[in-house]
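Worth saying up front: this structure is predicted, and the values here are computed from it rather than measured.
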Amino acid sequence: MESRISYASSTVGSPLGSSDPIADAIGLLRPRTVIDPGLRAARSWAVRFDAFPHVKIGGVVRGECWLALDGQEPVLLREGDFYLLGNPPSYRMAGSLTAEPQAAEALWETARNGVVRIGPETEEDTYLCGGYFWFDQPNASMLIDVLPRLVHVRATDPRNRLLVHVAELLNSEVENNAVGRSLVLDHLAQILFVHVLRAHAEQTDRPTGWLGALNDDGIGAALRAMHADVAHRWTLQELAGISRMSRSAFAASFKRQVGTAPLEYLIQWRMSLARDALRRNTRSISELAAATGYESESAFSTAFRRVAGSSPRQFRDTAHRVDSGPRQGELAESGTVRR
């Protein structure tokens, strides 16, 4: 099910974005959600998952298990832990690292009433929930590039209590065939996603990229200001003033935390918004130029070509031809449990 989170109106002169960069990014990514069956397991077991280009998410409702990404040391997930995987390679979830893994895709085909089982039901000691998100490909890198392979939110994390409540609701809906089920699953999965992102961004060992910088009183304030008014012709001096730093200190701190210079970040964000609007044909090119802070259509087109590699018109025409065919991820029925 494609999310309908909106970051902007299509009316002339309306602003693009808001002061909440996480909401902006998720709105622009237009996530499509697939919820996997709940996995109930007993004895020695293991499941292998294929590599995935976007984001997987899940949690341990009961028991504990290993999460082993190919090429990395296994991580023990305990009851109440949650995880998020960004562009993961193939990996295993396992009760025992020595167990022969089953392929997840084949296992999911055995699901009944939203649940798959490994081992005797009477000896069941592990229950896992999870799913994944597809994003619009042109902008997917804005999140994938700032996420580590694994975000691990432990049960002892003070932010975990809300995650547990959301997971309980999610599990209830997975095993429930009531009307509106797919809509509820879609929204609960996105709520879980946002809470895990928050927990990641608030970790004391602050993560890199714009996601981690949001909680910095100085750099975070500048990021929120740029997102709140992308049409404003921001200067380095203005952004440094918002961050209460000198220009040189601000520029160095922003580059260190976010990975790019402040005004380059602003250009990249503006062009992400522009690509989305062009794909959906919600604004004319002249309207987009004004909405993203450019004095003329030609200045906007020059900046767009530098970032996107084509003119706005070429990008729009190509995107419309591509979008007229099936999109990546639509072979899986979004918002529902796969059978």
Between CG on residue Leu107 and CG on residue Asp36, distance to nearest 0.5 Å: 10.0 Å
Interatomic distance, Thr260 atom OG1 to Tyr265 atom OH [nearest 0.5 angstrom]: 10.0 Å
Electrostatic pair Glu264-Lys255, nearest N-O below 4.0 angstrom: no
Enclosure of Arg62 CZ (heavy-atom neighbours >12, cutoff 6.0 Å): yes
Short side-chain donor-acceptor distance under 3.5 Å, Thr302 and Arg305: no
For Glu100, salt bridge (charged side-chain N to carboxylate O under 4.0 Å, His left out) partners two or more places apart: none
Reported CG-to-CG distance for the pair Leu185 and Asn171, which is rounded to 0.5 angstrom: 10.0 Å
Heavy-atom pair with the smallest gap, counting every atom of Ala189 and Thr33: CB-CG2, 3.4 Å
Distance flag, aromatic centroids of Trp134 and Phe52, threshold under 6.0 Å: yes
Give every donor-acceptor pair under 3.5 Å between a side-chain atom in residues 40-49 and any protein atom, sequence neighbours left out.
{"residue": "Arg40", "atom": "NH1", "partner": "Glu124", "partner atom": "OE2", "Å": "2.9"}
{"residue": "Arg40", "atom": "NH2", "partner": "Glu175", "partner atom": "OE2", "Å": "3.1"}
{"residue": "Arg43", "atom": "NE", "partner": "Glu123", "partner atom": "OE1", "Å": "2.7"}
{"residue": "Arg43", "atom": "NH2", "partner": "Glu123", "partner atom": "OE1", "Å": "3.4"}
{"residue": "Arg43", "atom": "NH2", "partner": "Glu123", "partner atom": "OE2", "Å": "2.8"}
{"residue": "Arg48", "atom": "NH1", "partner": "Asp70", "partner atom": "OD1", "Å": "3.4"}
{"residue": "Arg48", "atom": "NH1", "partner": "Asp70", "partner atom": "OD2", "Å": "3.4"}
{"residue": "Arg48", "atom": "NH1", "partner": "Ser90", "partner atom": "OG", "Å": "3.3"}

Worked check of side chain to side chain contact (heavy atoms under 4.5 Å, CB included) between Leu197 and Ile26: CA-CA 11 Å; Leu197 287 180; Ile26 293 176; 4.1 Å; yes
Residue pair Ile285, Arg316: steps toward the side chain to side chain contact (heavy atoms under 4.5 Å, CB included) verdict: CA-CA 10 Å; Ile285 293 173; Arg316 182 182 58 195; 4.1 Å; yes
Side-chain touch Pro312/Leu288, heavy atoms, less than 4.5 angstrom: no
Minimum heavy-atom distance between Val174 and Gly38, given as atom pair plus value: CG1-N, 4.0 Å
Contact check, side chains of Phe250 and Arg244, non-hydrogen atoms, under 4.5 Å: no
Trp269 and Met226, any side-chain heavy atoms less than 4.5 Å apart: no
Joint cluster assignment, Leu150 & Leu128, ILVMFWY side-chain distance < 4.5 Å: yes
Ile219 side chain reached by Met245 side chain, heavy atoms, under 4.5 Å: yes
Arg247 side chain vs Ala240 backbone, donor-acceptor pair below 3.5 Å: no
Evaluation steps, side chain to side chain donor-acceptor pair (under 3.5 Å), between Thr318 and Gln314: CA-CA 6 Å; Thr318 299; Gln314 289 171 331; over 6 Å; no
Residue pair Leu266, Leu239: steps toward the side chain to side chain contact (heavy atoms under 4.5 Å, CB included) verdict: CA-CA 11 Å; Leu266 178 60; Leu239 294 169; 5.6 Å; no
hydrophobic_cluster_shared for Val115 and Val61, side chain cutoff 4.5 Å: no
Stepwise side chain to side chain contact (heavy atoms under 4.5 Å, CB included) check, His54 with Tyr132: CA-CA 8 Å; His54 293 179; Tyr132 56 92; over 6 Å; no
Gap separating the CZ atom of Arg92 from the SG atom of Cys65, nearest 0.5 angstrom: 11.5 Å
Connected via hydrophobic side-chain network under 4.5 Å: Ile191 and Leu147: yes
Parallel, tilted or perpendicular: ring planes of Phe133 versus Phe135, cut at 30 and 60 degrees: parallel
Gln268 backbone acceptor or donor facing Ser272 side chain under 3.5 Å: yes
Derivation and outcome, salt bridge (Lys or Arg N to Asp or Glu O under 4.0 Å), residues Arg280 and Asp136: CA-CA 12 Å; Arg280 298 173 194 287; Asp136 272 8; 2.4 Å; yes
Beyond-backbone contact of Arg275 with Leu28, side-chain heavy atoms, under 4.5 angstrom: no
Report, one line per pair, each donor and acceptor closer than 3.5 Å where one atom sits in a side chain of residues 75-89; sequence neighbours left out.
{"residue": "Arg78", "atom": "NH1", "partner": "Glu64", "partner atom": "OE1", "Å": "3.4"}
{"residue": "Glu79", "atom": "OE1", "partner": "Gly63", "partner atom": "N", "Å": "3.0"}
{"residue": "Asp81", "atom": "OD1", "partner": "Ala155", "partner atom": "N", "Å": "2.7"}
{"residue": "Asp81", "atom": "OD2", "partner": "Arg78", "partner atom": "N", "Å": "3.0"}
{"residue": "Asp81", "atom": "OD2", "partner": "His152", "partner atom": "NE2", "Å": "2.8"}

Closest heavy-atom pair and its distance - Ala291, Val230: O-CG2, 3.5 Å
Arg149 to Tyr91, cation-pi by 6.0 Å centre distance and 45° axis angle: no
Spacing of Ile267 atom CD1 and Leu263 atom CG [to the nearest 0.5 Å]: 7.0 Å
Closest approach of Phe304 to Met271 (non-hydrogen atoms, all atoms of both residues): CA-SD, 3.5 Å
Shortest non-hydrogen contact between Ala222 and Ile242, atoms and distance: N-CG2, 4.0 Å
Spacing of Arg233 atom CZ and Thr292 atom OG1 [to the nearest 0.5 Å]: 10.0 Å
Hydrophobic cluster membership, Trp66 vs Ile57, 4.5 Å side-chain cutoff: no
Cluster overlap Leu188 with Val164, hydrophobic side-chain contacts below 4.5 Å: yes
Heavy-atom pair of closest approach, residues Leu29 and Ala140: CD2-CA, 3.6 Å
